[in-house]
*Asks:* 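The structure follows.
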Amino acid sequence: MRTTAFHLVTRKETPQDAEIISHQLMIRSGMIRKLGAGLYTWAPLGLRVLQKVEQIIREEMNAAGALEMLMPAVQPKELWEETGRIDDFGGQLLAIHDRAERDYFFGPTHEEVITDFVRNEINSYKQLPINFYQIQTKFRDEIRPRFGVMRSREFIMKDAYSFHLDQQSLEVTYEAMKQAYTKIINRIGLEFRCVLADSGAIGGSGSQEFHVIADSGEDAIMYSDTGTYAANLEKCAAVSLLDNRAEATEAINKVATPTQKTIEEVAEFLKLRKNQMIKTLLVAGTEQPVALVVRGDHSLNEVKAVNLESVASPLRMLNDEEIKDLAGCEAGFIGVKDLACQIIVDRTVANMSDFTCGANENGYHLSGVNWDRDASYHAVEDLRDAEVGDPSPDGTGTLQVARGIEVGHIFQLGSKYSKAMNAVILNEQGKSQAMEMGCYGMGVTRMVAAAIEQNHDDKGIIWPANIAPFAVAILPMNYQKSERVRRAADDLYEQLLSMGIEVILDDRKVRPGFMMSDFELLGIPHQVIIGDRALDEGEVEYRDRRDMASTRVNHDTIIQFLTDRLQA
RNA sequence: CGGGGUAUAGCGCAGCCUGGUAGCGCAACUGCUUUGGGAGCAGUGGGUCGGGAGUUCGAAUCUCUCUACCCCGACCA
């Protein structure tokens with residue numbers, strides 16, 4: 001490709017509304033342009049990268065035995081009524097209708113469509129297992145789209161769905177997908193971790209996420225410093241920090257805390273450490289309100305809370321009036337003694353003694369409170385966020401934290417959708433049974449942004465070799481005027497082209513500094529600078545984008561030099 | 001959804017308070033010079049001032065309204 005025949009529009013200035021580096025560099029390099037909130041056009045430059053990522057995904061999915069297909073982006077509402085997921089997805093669903101006022105959603109995911117396809121196509125266990133996938137545009141009306149294509153509303157996703165006779169077969173494919181994902185991200189060239197995850201609105205039993213490690217990641221990844229345990233903070237098990245409950249040593253005592261409502265304020269006022277206190281959170285339940293209790297210095301884990309049977313989904317804290325009705329006080333003075341609702345305590349809280357909590361009376365807290373003697377709970381659950389320094393749940397090592405960008409998520413769905421939609425087959429015994437399902441998502445557009453987050457410097461993008469829009473850039477100095485520079489550049493260009501190497505020749509009439517800065521921004525891995533100065537000595541200059549190291553190479557051997565580099 | 005903010009040329013912004021010929025930088029285009037690190041000089045093109053309504057002799061500027069976009073928040077107990 002010659003730059004004069006390409007669409008190359010770079011910007012020197014950082015766009016005002018781009019916060020993270022990948023977004024800034026994608027705009028500056030001209031890969032993407034914004035159309036509206038969470039909507040982006042992929043310019044030819046960006047599309048080249050996107051298609052490389054797609055191709056790697058395609059090859060590895062095919063190699064793992066999955067079959068590519070393409071489903072409609074627009075889905076009839078009736079399908080979603082069959083599985084009852086409209087409420088689960090809520091406002092994220094983009095509802096549309098046609099001229100006859102029929103209702104549709106622009107698909108945020110395709111479990112319903114594939115299950116409908118399969119229930120009509122597959123009738124026998126002999127056709128199983130089977131794994132279908134597509135690479136397709138989805139739309140999720142995110143509460144707050146941000147960070148460019150990292151969290152956009154319209155995005156491209158590879159989604160695969162597998163169907164099985166039994167759980168054992170599902171596990172085989174799940175493991176194969178896990179291996180395929182590992183190969184894909186390795187080929188793209190990114191550092192990542194596979195972690196335990198919550199399955200959220202998709203549902204099912206087991207699931208794992210693939211996270212590209214980057215400081216700008218929106219998820220917190222907890223991992224053992226010496227073991228193999230790794231989990232999303234949402235999912236990471238939090239162990240009890242107290243092995244057993246100490247004997248009560250204090251008498252219960254009502255203390256005045258006239259204006260102190262927060263844990264912070266009460267601890268300061270009563271000269272207590274926050275870990276000697278508990279906080280009682282009142283949330284809406286599936287039937288009655290529920291009290292969730294965590295230690296004063298801990299945070300409630302909303303995902304864990306919402307996964308409790310008695311807690312309503314989505315999680316909703318009671319409002320002031322409901323709190324008054326239930327506890328008889330304002331938020332800030334709620335405690336566990338004589339609280340008339342179901343009380344679920346965190347594992348650590350269950351082993352606390354001589355603690356302080358609200359008195360269920362405005363202006364007062366209770367100190368020296370002890371379980372059994374003064375108050376009781378109905379259940380012990382894991383309710384809190386795990387924290388750095390906690391013992392790892394698998395018993396090996398201590399938890400550490402890293403930020404991650406979720407680029408893949410694999411699920412063992414079981415029969416949630418097949419049962420809801422009556423996707424059944426006849427088994428070997430001739431009996432009808434619901435199929436077991438797995439589903440495997442990968443964010444294609446997000447992967448591109450994640451690659452930049454992990455591969456850039458102050459000059460611009462540094463593409464990993466396998467997804468670079470071009471492998472080699474030829475940068476001629478004074479191409480317009482110097483006949484021999486032009487000839488050397490054109491010759492090299494033609495030769496590389498004929499060898500099937502993706503090469504871009506900058507034949508624009510621009511100054512050298514401008515040209516070099518542009519290609520540093522674009523991040524083309526291998527750059528050949530051709531100028532009269534080096535040609536005088538029969539040489540050209542090679543520059544590696546990653547380390548910016550320059551090498552003078554004999555003009556006659558540059559092809560060999562480049563092919564060696566490209567294979568390295 | 002709650003709160004805050006912004007909207008003027010492709011991009012970044014000034015002008016608005018105090019109404020009176022729409023500006024600056026970058027980018028683009030032309031010419032000359034320059035040619036190994038985002039050049040210089042001269043010139044050129046480009047704006048229904050987000051939309052609508054109102055006040056006024058006159059509105060980018062004042063009033064009302066709508067829309068779009070951005071940021072923060074959605075675990076006080």
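Order of the sequence lines sets the chain letters (A, B, ...), proteins ahead of strands, with each chain counted from 1. Note that this is a predicted model, so its numbers are computed, not measured.
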*Asks:* A:D338 and A:N360: side-chain donor and acceptor closer than 3.5 Å?
*Replies:* no
*Asks:* Name the orientation class of the two ring planes belonging to A:W80 and A:F105 (parallel below 30°, tilted from 30 to 60°, perpendicular beyond 60°).
*Replies:* perpendicular
*Asks:* Rounded off to whole Å, could you give me the CZ-to-C1' distance for the A:R552 and B:G36 pair?
*Replies:*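 Taking atom C1' of B:G36 as the reference, CZ of A:R552 is at 10 Å.
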*Asks:* A:I143 has a side chain; which of B:C1, B:G38, B:G37 sits nearest to it?
*Replies:*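 Nearest to the side chain of A:I143 among the choices is B:C1.
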*Asks:* Once you apply a heavy-atom cut-off of 4.0 Å, does A:G358 come out as touching a base, just sugar-phosphate, or nothing?
*Replies:* nothing
*Asks:* Using only side-chain N and O atoms of A:R511, determine if any of them is under 4.0 Å from OP1 or OP2 of B:A39.
*Replies:*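 Yes, because at least one side-chain N or O of A:R511 sits under 4.0 Å from OP1 or OP2 of B:A39.
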*Asks:* For B:U21, which nucleotide in any strand shown is its Watson-Crick or wobble partner with both distances under 3.5 Å?
*Replies:* none
*Asks:* Send over the distance from A:E541 CD to B:G37 P, rounded to a whole Å.
*Replies:*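 From A:E541 CD to B:G37 P: 11 Å.
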*Asks:* Any side-chain N or O of A:K279 under 4.0 Å from OP1/OP2 of B:A77?
*Replies:* yes
*Asks:* Select from A:S517 and A:G36 the residue whose nearest nucleotide in RNA chain B is closer to the 5' end of that strand.
*Replies:*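 Of the two residues, A:S517 wins.
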*Asks:* Which one is paired to B:C64, where only Watson-Crick or G-U wobble pairs with both distances under 3.5 angstrom count?
*Replies:*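 Its partner is B:G52.
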*Asks:* When rounded to the nearest Å, what value does the distance between C1' atoms of B:U6 and B:A60 take?
*Replies:*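 The same atom, C1', in both gives a distance of 15 Å.
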*Asks:* Check whether the side chains of A:D507 and A:T3 place a donor and an acceptor atom closer than 3.5 Å, and report yes or no.
*Replies:*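 Side-chain D/A pair, A:D507 to A:T3: present.
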*Asks:* Select from A:K12 and A:I278 the residue whose nearest nucleotide in RNA chain B is closer to the 5' end of that strand.
*Replies:*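 The answer here is A:K12.
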*Asks:* Take atom P in B:C62 and the same atom in B:A14, then report the distance between them in whole Å.
*Replies:* 15 Å
*Asks:* Could A:R273 and A:D297 be called an ion pair, given the rule that one side-chain N must be under 4.0 Å from one carboxylate O?
*Replies:*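 Here A:R273 does not pair with A:D297 in a salt bridge, since their nearest N and O are not under 4.0 Å apart.
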*Asks:* The side chain of A:M516 is closest to which nucleotide in this list: B:G12, B:A77, B:G36?
*Replies:* B:G36
*Asks:* Taking a pair as Watson-Crick or G-U wobble with both distances under 3.5 Å, which nucleotide is matched to B:C69?
*Replies:* B:G5
*Asks:* Heavy atoms from C-beta onward define the side chain here; which of B:C75, B:G36, B:C71 lies closest to that of A:R543?
*Replies:* B:G36
*Asks:* Between B:G15 and B:A74, how far apart are the two C1' atoms, rounded to whole Å?
*Replies:* 38 Å
*Asks:* Could you state the CZ-P distance from A:R28 to B:G12, rounded to the nearest angstrom?
*Replies:*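 To the nearest whole Å, that distance equals 14 Å.
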*Asks:* Which listed nucleotide (B:A77, B:G12, B:G36) is nearest to the side chain of A:L281?
*Replies:* B:A77
*Asks:* From the set B:U35, B:C70, B:C76, return the single nucleotide nearest to any side-chain atom of A:K481.
*Replies:* B:U35
*Asks:* Side-chain donor or acceptor of A:N478 under 3.5 Å from a matching atom on the base of B:G36?
*Replies:* no
*Asks:* Can you tell me the distance, in whole Å, between the CG atom of A:D518 and the C1' atom of B:A27?
*Replies:*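 Taking atom C1' of B:A27 as the reference, CG of A:D518 is at 12 Å.
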*Asks:* Would you say A:K34 reaches B:C70's phosphate, i.e. side-chain N/O to OP1/OP2 under 4.0 Å?
*Replies:*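 Yes, A:K34 has a side-chain N/O under 4.0 Å of OP1/OP2 on B:C70.
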*Asks:* Just name whichever nucleotide pairs with B:G46, Watson-Crick or G-U, keeping both distances under 3.5 Å, else none.
*Replies:*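 Base partner found: none.
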*Asks:* Identify the nucleotide, in any strand shown, that forms a Watson-Crick or G-U wobble pair with B:G38, with both distances under 3.5 Å; if there is none, say none.
*Replies:* none
*Asks:* Could you check whether A:S550 and A:E541, counting side-chain N and O atoms only, form a donor-acceptor pair closer than 3.5 Å?
*Replies:*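 Side-chain D/A pair, A:E541 to A:S550: present.
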*Asks:* Working note: A:H365 + A:F333, criterion ring-ring contact (aromatic ring centres under 6.0 Å, His included); need CA distance, chi angles, decisive distance, verdict.
*Replies:* CA-CA 6 Å; A:H365 277 72; A:F333 303 103; 5.7 Å; yes
*Asks:* How would you label the contact of A:M317 with the nucleic acid (heavy atoms, under 4.0 Å): base, sugar-phosphate, or nothing?
*Replies:*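 Base: the residue A:M317, judged by heavy atoms under 4.0 Å, touches a nucleobase.
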*Asks:* May I ask which nucleotide in the shown strands pairs with B:C26, Watson-Crick or G-U wobble, both distances under 3.5 Å?
*Replies:*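 Partner of B:C26: B:G10.
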*Asks:* Given the side-chain rings of A:W463 and A:F470, with only the six-membered ring counted for Trp, is the space between their centroids under 6.0 Å?
*Replies:*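 A:W463 vs A:F470: aromatic centres not under 6.0 Å.
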*Asks:* Between B:A27 and B:A42, how far apart are the two P atoms, rounded to whole Å?
*Replies:* 15 Å
*Asks:* To the nearest Å, give me how far apart CD (A:E322) and P (B:A77) are.
*Replies:* 18 Å
*Asks:* C1' atom, B:C11 versus B:U33: distance in rounded Å?
*Replies:* 28 Å
*Asks:* In whole Å, what separates the C1' atom of B:C64 from that of B:U21?
*Replies:*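 It comes out at 28 Å once rounded to the nearest Å.
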*Asks:* So, A:R140 side chain and A:P108 main chain: donor-acceptor pair closer than 3.5 Å or not?
*Replies:*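 Answer holds: yes.
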*Asks:* Does the structure show a Watson-Crick or G-U wobble partner for B:A59, both distances under 3.5 Å? Name it, or say none.
*Replies:*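 Base partner found: none.
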*Asks:* Rounding to an integer number of angstrom, what distance separates B:G43 and B:G37 when you compare their C1' atoms?
*Replies:*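 28 Å, rounded to whole Å.
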*Asks:* Hey, does the Lys NZ or Arg CZ of A:R153 hover above the aromatic six-ring of A:F139, less than 6.0 Å from the centre and inside 45° of the axis?
*Replies:* no
*Asks:* Which of these nucleotides, B:G12, B:G36, B:A74, is closest to any side-chain atom of A:E13?
*Replies:* B:G12
*Asks:* Quick check: any donor-acceptor pair below 3.5 Å linking the side-chain of A:E520 to the base of B:G38?
*Replies:* no
*Asks:* Counting side-chain heavy atoms from C-beta on, which of B:G36, B:C11, B:C76 comes nearest to A:A331?
*Replies:*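 Among B:G36, B:C11, B:C76, the one nearest the side chain of A:A331 is B:C76.
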*Asks:* Using the C1' atom on both, measure B:C49 against B:A59 and round to a whole Å.
*Replies:*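 Rounded to whole Å, the distance is 11 Å.
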*Asks:* State which of B:C76, B:G38, B:G36 makes the closest approach to the side chain of A:A534.
*Replies:* B:G36
*Asks:* If I take atom NZ in residue A:K509 and atom P in nucleotide B:U30, what distance separates them, rounded to the nearest angstrom?
*Replies:*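 The distance from NZ of A:K509 to P of B:U30 comes to 9 Å, rounded to the nearest Å.
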*Asks:* Whole angstrom is fine here: how far is it from NE2 in A:H365 over to P in B:C76?
*Replies:* 14 Å
*Asks:* Does B:C16 have a Watson-Crick or wobble mate here (both distances under 3.5 Å), and if so which one?
*Replies:* none
*Asks:* Could you tell me the separation between the CD1 atom of A:I27 and the C1' atom of B:G10, rounded to a whole number of Å?
*Replies:*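 For the pair A:I27 CD1 and B:G10 C1', the rounded distance is 13 Å.
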